[in-house]
Visitor: 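I have a structure I would like to understand better, so I am pasting it below and will then ask my questions one at a time.
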Amino acid sequence: MNGKEDKKEKTRNKSFLLLIISLGFLISFFSMAVTGAEGSSGTKAVLDQRGQIVTIPEHVERVITIPVPAASMVYTLDGDGSRLVGMNPSSMAAIKKGILGKMDPELLTTETDFIRGACLNQMLKRS
């Protein structure tokens with residue numbers, strides 16, 4: 001192999017490794033076990049990553065993400081950013097620099113102030 005082909009192979013290997021790591025993170029971040037049938041009040045009980053049972057609405061309408069890659073993951077899974085109402089400032093910086101900000105300019109108006117002390121519950125209640 002010459003130097004150019006060797007460099008391409010290393011780049012492919014790094015890309016593949018990054019893909020595997022990203023998929024592992026995605027699976028671990030979003031994996032929740034449903035612990036029971038949905039309640040009569042339109043809620044579901046789920047087991048969170050801390051091992052605690054949490055009751056959430058059956059249909060989540062507003063989402064705030066804290067881990068840095070989670071905002072783009074929510075966008076990818078939903079197909080748009082309509083439910084995303086808050087994200088980490090580092091996620092916002094990545095969206096501004098990357099293609100997501102060009103694909104969906106409305107994402108650039110998503111709030112990031114909760115990291116600096118804004119109340120999460122108030123952000124989730126806004127319409």
Side-chain angles (χ1 to χ4, degrees):
M1 257 188 215
N2 65 30
K4 197 174 192 178
E5 290 173 353
D6 197 31
K7 187 175 180 179
K8 283 183 182 180
E9 183 65 27
K10 285 181 182 179
T11 301
R12 274 190 222 117
N13 289 342
K14 285 180 183 178
S15 296
F16 182 72
L17 181 61
L18 183 59
L19 175 65
I20 296 299
I21 291 170
S22 298
L23 286 174
F25 177 78
L26 180 65
I27 289 168
S28 68
F29 183 75
F30 283 104
S31 59
M32 288 191 252
V34 176
T35 59
E38 57 193 61
S40 59
S41 63
T43 62
K44 287 187 178 185
V46 296
L47 185 65
D48 72 9
Q49 290 183 324
R50 298 173 300 154
Q52 297 183 357
I53 296 174
V54 180
T55 303
I56 61 170
E58 183 179 351
H59 300 288
V60 176
E61 296 177 13
R62 301 172 65 78
V63 177
I64 294 175
T65 62
I66 296 174
V68 175
S72 53
M73 287 186 226
V74 168
Y75 183 90
T76 302
L77 293 171
D78 277 357
D80 64 29
S82 61
R83 295 189 308 157
L84 196 57
V85 297
M87 71 175 77
N88 188 300
S90 297
S91 293
M92 177 62 78
I95 289 172
K96 285 179 180 178
K97 289 180 190 177
I99 194 166
L100 265 182
K102 293 174 182 67
M103 288 173 49
D104 191 345
E106 193 170 313
L107 281 176
L108 301 174
T109 64
T110 305
E111 293 190 43
T112 59
D113 291 343
F114 69 94
I115 293 293
R116 293 186 272 296
C119 181
L120 291 176
N121 288 329
Q122 288 177 353
M123 285 179 66
L124 288 171
K125 289 179 183 176
R126 291 181 194 161
S127 49

Visitor: When rounded to the nearest 0.5 angstrom, what distance separates CD1 in Ile64 from CD in Glu111?
Guide: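 That separation rounds to 8.0 Å.
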Visitor: Donor-acceptor check, side chain of Ser91 to backbone of Val68, threshold 3.5 angstrom: yes or no?
Guide: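 The answer is yes, because a donor-acceptor pair under 3.5 Å joins these two groups.
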Visitor: If you measure from CE on Met103 to CD1 on Ile95, what distance do you get to the nearest 0.5 Å?
Guide: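 With rounding to 0.5 Å, CE (Met103) is 10.5 Å from CD1 (Ile95).
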Visitor: Quick one: do Val46 and Ile53 satisfy side-chain contact (heavy atoms from CB on, under 4.5 Å)? Show the steps, please.
Guide: CA-CA 5 Å; Val46 296; Ile53 296 174; over 6 Å; no
Visitor: Check whether any side-chain N or O of Arg83 sits under 3.5 Å from a backbone N or O of Val60 as a donor-acceptor pair, and report yes or no.
Guide: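 Checking the backbone N and O of Val60 against the side chain of Arg83, a donor-acceptor pair under 3.5 Å is found.
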Visitor: Determine, stepwise, if the pair Thr55 / Lys44 fulfils side-chain contact (heavy atoms from CB on, under 4.5 Å).
Guide: CA-CA 6 Å; Thr55 303; Lys44 287 187 178 185; over 6 Å; no
Visitor: Which value, rounded to the nearest 0.5 Å, describes the distance between His59 atom NE2 and Thr43 atom OG1?
Guide: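 Nearest 0.5 Å value for the NE2-OG1 distance: 11.0 Å.
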Visitor: List the atom of Met92, the atom of Thr110, and the distance in Å for their closest heavy-atom pair.
Guide: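 In this case the closest contact between Met92 and Thr110 is CE-O, 3.2 Å.
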Visitor: Might you point out which heavy atoms bring Gly81 and Leu107 nearest each other, and give the distance in Å?
Guide: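 Closest approach of Gly81 to Leu107: CA-CD2, 4.0 Å.
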Visitor: Give a yes or no on this: more than 12 heavy atoms of other residues, nucleotides or ligands lie within 6.0 Å of atom CD of Glu61.
Guide: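 It does not: Glu61 CD has 12 such atoms or fewer within range.
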Visitor: So Lys96 and Leu108, do their side chains get closer than 4.5 Å, heavy atoms only?
Guide: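 In contact.
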Visitor: Asp48 side chain to Gly51 main-chain N or O, any donor-acceptor pair under 3.5 Å?
Guide: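 Answer holds: yes.
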Visitor: Taking the side chain from Thr76 and the backbone from Ser72, do they hold a donor-acceptor pair closer than 3.5 Å?
Guide: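 Yes.
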Visitor: Could you measure the distance from the OG atom of Ser82 to the CG atom of Asp104? Nearest 0.5 Å is fine.
Guide: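 Here the rounded value is 9.0 Å.
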Visitor: Indicate yes or no for a side-chain donor-acceptor contact from Asn88 to the backbone of Pro67 under 3.5 Å, with no hydrogens or angles considered.
Guide: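 Looks like no, no N/O pair under 3.5 Å.
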